[in-house]
Amino acid sequence: MPSNTIATLTRHCRATQSSGSPENLSRLPELPGLADLLDAVPDPRSRRGRRHRIGSLLALCLIAVLSGARSLAAIGRYARDTDPAVLAALGLTRTHGRLAASTVGRLLARIDGDALDAAVGRFLASFAAPALTDNPGQAPANDRDLHGLAIDGKALRGSRTTDGAMVHLLSATLHEGRLVIAQRQIRAKSNEIPAFAPLLAGLDLTGTVVTADALHTQNAHAEQILAQGGDYIFIVKANRPALLRQLKDLPWSHIPLGDRTTGTGHGRGEIRRIKMCGVLPGLPFPGAVQAIQAKRRRVRRTPARTKITITTVYAVTSLKPGRATPARTGGLMRGHWQVEALHHVRDVTFGEDASRVRTASAPRAMAAFRNLAIGFAGALGWTNMAEAVEHYHANPAHALQWFGLTM
C-alpha cells in the first residue's frame with residue numbers, strides 16, 4: 001500500500017474542493033501513512049486461516065465509520081454493498097470470500113486496545129503545530145506557542161452490559177484541532193485518577209499546558225506533568241477544601257483585572273473576567289506559582305424573562321508570571337471545553353452513545369476509529385463532520401486517498 005500522506009491530502013483537497021488548503025497542508029511534517037500505521041497494530045488472530053491482512057480490515061472499518069457506520073453489522077453491510085473496486089484497493093478481494101460482520105467483530109473484540117490507541121495517537125499528534133515536534137525539550141518563545149492538552153473522560157453508554165458495567169475511556173485531546181493523541185480504558189470498578197499516569201506516560205509535554213477538571217487536581221498528577229516538561233492549569237473545587245479555602249481568601253478585590261472578554265451564542269451573552277496573582281511560596285500544591293479567579297456573567301433572554309447567572313471558578317497553574325498573559329490563560333481554560341465539542345460530535349454525528357457494540361475491546365476500537373476520522377477529516381479542512389460523513393459515504397474513492405490508494 002503506497003502512502004505519501006502530504007500528497008494525499010493535497011490531492012484530496014483539490015478533488016473535493018473542501019475548505020482545506022493544500023498550501024497550509026504542505027507545511028505539515030511528513031507523516032506516516034495510514035496503511036503502515038494500521039498494519040503495524042499486532043494481529044490477535046491465529047496465523048492459520050487468516051484470509052485478510054489486519055491493515056486491510058482496520059482500513060475498511062475506518063472508511064466504514066467515516067461513511068456513517070455505527071455498528072459491526074453496519075460495517076458488514078458496508079463491506080457487502082460497497083464498490084468491489086474499493087475492497088480490491090484495500091486488498092480485500094472476493095477470492096478470499098465474502099467478508100462477514102462476525103469476522104470484523106471477532107477481530108475488534110480481541111485487538112490490543114492500547115496498541116491501536118497508541119498508533120492512532122501518534123498519527124494524530126503528527127498534525128499538531130511544528131512547535132510540538134520540531135524542537136522537543138525546548139520551551140516555546142511566547143505564550144501563543146503554548147498548546148493546550150485537555151484531559152477528560154467519556155463513558156460509552158451503549159456498551160452497558162446486563163450487570164451495569166460500561167466502557168469508560170480517558171483521553172488527552174489537543175485543544176486545537178480536537179486531536180486525541182492518547183487514550184486509555186479505565187479499569188472496571190475504578191475511576192479516572194489511576195488512568196492519568198499511563199495516559200500521559202512517554203509524552204513530551206514541553207510547551208504544553210495540561211488542562212483538567214477538579215477530579216484531576218491531584219499532587220501526583222501535577223508532579224508527573226512537571227517531570228515531563230509541561231505546565232498545568234487545574235480547577236480547584238470542594239475535593240481540595242484546604243486549597244480552595246486559601247484561594248478564596250486571597251485579596252481578589254485588590255487584584256487588578258487581567259482580562260475581560262465578551263461573547264454571544266445559543267441565545268445568551270457572556271462576560272468573562274480573569275484575575276491572576278503570584279503565590280510563590282504558599283500554596284500546598286506541587287509547582288503552583290499563580291492563582292486564578294475566573295468569573296463568568298451569563299445573560300439569557302427569553303420572551304418570558306431575563307435570567308442572569310454569575311459563576312466564579314478558582315484554579316492553580318504552574319505557569320510563571322509573564323509566561324502566559326491573563327488573556328492567553330483564559331483562552332486555555334476555555335479551550336479545555338473543545339473536548340466536550342469532540343464528545344458531542346462522536347455522540348451526535350457518529351452515534352457513539354447509541355452504539356450497542358459492547359464485546360471486549362470492540363467499543364474502544366470503534367471509539368479509536370471515530371477519533372481518527374474526526375481528527376483527519378478536520379485536518380483536511382472539514383468543519384462540519386455531518387457533511388464529511390455524507391461526502392465520504394457518497395464518494396468512497398476519496399476516503400481511499402487517505403491511504404494513498406486509488407480505485
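One is the number of the first residue; the rest follow in order along the sequence. What you see is a predicted model; the values in this text were computed from it and never measured.
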Point to revise | Residue list, side-chain hydrogen bond (donor to acceptor under 3.5 Å, both in side chains) with Thr261, at least two apart or on another chain | key: Arg272
Please confirm whether the backbone N or O of [Y] pairs with a side-chain atom of [X], one donor and one acceptor, at under 3.5 Å?
X      : Y      : answer
Ser67  : Ile63  : yes
Lys154 : Leu170 : no
Ser361 : Ile111 : yes
Ser56  : His52  : no
Asp39  : Gly55  : yes
Asn395 : Ala397 : no
Arg122 : Asp117 : no
Ser159 : Leu156 : yes
Asn239 : Ala214 : yes
Thr349 : Met385 : no

Point to revise | Carboxylate-amine/guanidinium proximity below 4.0 Å for Arg364 and Asp112 | key: no
**Study point:** Residues Asp114, Arg184: salt bridge by 4.0 Å N-O rule
**Key:** yes
In the structure I gave you, are the side-chain heavy atoms of [X] and [Y] within less than 4.5 Å of one another anywhere?
X      : Y      : value
Val86  : Leu400 : yes
Leu149 : Thr173 : no
Arg273 : Ile271 : yes
Val104 : Leu108 : yes
Ile310 : Lys295 : yes
Lys307 : Val299 : no
Ile151 : Leu200 : yes

Review point. Between Phe234 and Phe196, how do the two ring planes meet: parallel, tilted or perpendicular, split at 30° and 60°?
Key: perpendicular
Exercise for review: Could you go through the side-chain contact (heavy atoms from CB on, under 4.5 Å) check for His398 and His391 one step at a time?
Suggested key: CA-CA 9 Å; His398 291 164; His391 174 85; 2.8 Å; yes
What is the distance from atom [atom1] of [X] to atom [atom2] of [Y], rounded to the nearest 0.5 Å?
X      : Y      : atom1 : atom2 : answer
Ile181 : Ser126 : CD1   : OG    : 10.5 Å
His344 : Phe350 : NE2   : CZ    : 12.5 Å
Tyr392 : Glu387 : OH    : CD    : 12.0 Å
Leu90  : Leu38  : CG    : CG    : 10.0 Å
Tyr78  : His393 : OH    : NE2   : 8.5 Å
Leu72  : Cys61  : CG    : SG    : 8.0 Å

Non-hydrogen atoms of [X] and [Y] that approach each other most closely:
X      : Y      : result
Ala222 : Tyr232 : CB-CE2, 3.7 Å
Ala324 : Leu319 : CB-CD1, 4.0 Å
Ser318 : Val289 : O-CG2, 3.6 Å
Glu192 : Leu215 : OE1-CD2, 3.7 Å
Ala182 : Leu203 : CB-CD1, 4.5 Å
Arg70  : Val357 : O-CG2, 4.5 Å

Check your understanding: Between Arg157 and Asp347, does a salt bridge (Lys or Arg N to Asp or Glu O under 4.0 Å) hold up when you go through it step by step?
Key -> CA-CA 10 Å; Arg157 302 187 186 282; Asp347 284 336; over 6 Å; no
Cut-off 3.5 Å, no hydrogens considered: what does the side-chain donor-acceptor table look like for residues 370-377, sequence neighbours left out?
residue, atom, partner, partner atom, Å
Arg370, NH1, Glu352, OE2, 2.8
Asn371, OD1, Arg346, NH1, 2.9
Asn371, ND2, Gln183, OE1, 3.0
Asn371, ND2, Ala367, O, 3.4

Point to revise | Audit row: Asp43, Arg110, salt bridge (Lys or Arg N to Asp or Glu O under 4.0 Å) steps and yes/no | key: CA-CA 9 Å; Asp43 195 332; Arg110 297 168 55 193; over 6 Å; no
Exercise for review: Would you tell me whether Gln185 and His168 have side-chain atoms, one donor and one acceptor, within less than 3.5 Å of each other?
Suggested key: no
**Study point:** Under 3.5 Å side-chain donor-acceptor pair for His175 and Thr211
**Key:** yes
Practice item. Test side-chain contact (heavy atoms from CB on, under 4.5 Å) on Val316 and Leu283 and set out the steps. Key: CA-CA 9 Å; Val316 291; Leu283 288 183; 3.7 Å; yes
Review point. Taking Glu270 as the fixed residue, which of Arg300, Arg298, Arg334, Arg260 is the one that meets the salt bridge (Lys or Arg N to Asp or Glu O under 4.0 Å) rule?
Key: Arg298
Review point. Quick one: salt bridge (charged side-chain N to carboxylate O under 4.0 Å, His left out) pairs with a partner in residues 220-240, sequence neighbours left out?
Key: none
**Study point:** Val313 vs Ile235, side-chain contact (heavy atoms from CB on, under 4.5 Å): CA-CA, chis, key distance, verdict
**Key:** CA-CA 7 Å; Val313 173; Ile235 302 299; 3.7 Å; yes
Review point. Taking atom CZ of Arg301 as the centre, does the number of heavy atoms from other residues, nucleotides or ligands within less than 6.0 Å exceed 12?
Key: no
Point to revise | Test log, rule side-chain contact (heavy atoms from CB on, under 4.5 Å), inputs Cys277 and Trp252 | key: CA-CA 9 Å; Cys277 69; Trp252 293 109; 4.1 Å; yes
